[in-house]
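I have placed the structure first, in the form of C-alpha cells, so that the comments after it can refer back to it.
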Amino acid sequence: MADLFTPLLAEEPAREALADGAMLLRGLALPFASALIEAIHGIAAISPFRHMVTAGGHAMSVATTNCGAAGWVSDRSGYRYDAIDPETRKPWPEMPECFAALAELAAIQAGHAQFRPDACLINRYVPGARLSLHQDRNERDFAQPIVSVSLGLPAIFRFGGIRRNDPVRKFALHHGDVVVWGGPARLRFHGVAELKDGFHDQLGRQRINLTFRRAR
DNA sequence: AAGTGCCG
DNA sequence: AGTC
C-alpha cells in the first residue's frame, strides 16, 4: 500500500524552530484561508480598519481592527486592551469560530497547550507598510503564547531577542504560514519589514496578519 | 514609564 | 543596505 507519496501525505505541516519556544508552521492556515478572509470582511464591516496613533503621536502605517472580548488599541495616551472599539463605541466583533479553532490548533502544534485567546488583533499591510521592532507586553499572562497568522502578500518577519539590541533574524512569511512564540520566547522583540509591492490572488495588494493573544 | 513611530 |  505504501508508495512514494505516502510519506508526503502523512507528513505534518513543515515546521521550523525559530528559537527556543518559537515555531514557524508553514501553511498551517491554508485550509482555513477562505473562511478566515470571509470572516475578516465581516469584522471590518462592523469595526473598520483604521490607522491608530502611537504615544509619540505618529500614525501607524499598518491599519488595524480587532475581534474578541478585548482589542488592542493605541492613541496618544498609550497602548492598552479595551473591550470597546473607540471608533464605534461598541464592543469589538465576536471572535469567529474558525479563528479560535486555528489559534488553538497552532498553539498545540507548537507545543503550547491550553491557549485560550480572548483577543485577535487584525493588521492590514499595504505595500510600504511596516511594523517596527517591539515586544507584546501589554497582556496579563505571559504564560500564554502569541499566535500570528499570515494571509495575502508575503512579508519579511523580523525576530529578535529579549533585549532590544539583540541580533535580529529574518524569515519570509507566506500566505497560510503561522508563527507561534511563547515560554522563553514570549517577550522576544519582533516586527515586519516594509512590505514589498505585489499581487495576491485572494487579497490583492495587501497582507493581513491575525495576532491572537490572551489579553486578560 | 514608555511603547508597534520617523528621520538622518 | 544595515545599523545607530
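- The distance between atom CD of A/Glu194 and atom P of C/dG2, rounded to the nearest whole Å, is 12 Å.
- At least one donor-acceptor pair under 3.5 Å links the side chain of A/Arg186 to the backbone N or O of A/Asp136.
- Residue A/Arg169 contributes atom CZ, which lies 14 Å from atom P of C/dT3 at whole-angstrom precision.
- Nucleic acid contact class of A/Ser132 (heavy atoms, under 4.0 Å, all strands): base.
- Atom CZ of A/Arg207 sits about 5.5 Å away from atom CG of A/Leu173, to the nearest 0.5 Å.
- A/Thr64 comes within 4.0 angstrom of no nucleic acid atom, judged by non-hydrogen atoms across all strands.
- For the pair A/Arg124 and A/Phe49, the cation-pi criterion (under 6.0 Å, within 45° of the ring axis) is fulfilled.
- The side chain of A/Ala55 lies closest to B/dG3, out of C/dG2, B/dG3, B/dC6.
- Counting to the nearest Å, the P atom of B/dA2 and the CZ atom of A/Arg137 are 11 Å from each other.
- A/Asn123 comes within contact range of no nucleotide atom at all, as no heavy-atom separation falls under 4.0 Å.
- In this structure B/dA1 sits in no base pair that meets the Watson-Crick or G-U test at under 3.5 Å.
- One interatomic measurement links the two molecules: CG of A/Leu133 to C1' of B/dG5, which rounds to 13 Å at whole-angstrom precision.
- Here A/Asp201 pairs with nothing under the salt bridge (charged side-chain N to carboxylate O under 4.0 Å, His left out) rule; sequence neighbours left out.
- Base pairing analysis places B/dC7 opposite nothing; no Watson-Crick or G-U wobble pair with both distances below 3.5 Å involves it.
- A/Gly78 comes within 4.0 angstrom of a base, heavy atoms only.
- Rounded to an integer number of Å, the gap from CZ of A/Arg76 to P of B/dA1 is 20 Å.
- Atom CG in A/Asn138 sits roughly 13 Å away from atom P in B/dG3 (whole-Å rounding).
- Taking atom OH on A/Tyr79 and atom P on B/dG5, their separation rounds to 7 Å, with Å as the unit.
- In plain terms, the two heavy atoms of A/Gln109 and A/Leu25 that are nearest each other are CB-CD1, 4.0 Å.
- In this structure, the CE atom of A/Met52 is 13 Å from the P atom of B/dG5, given to the nearest Å.
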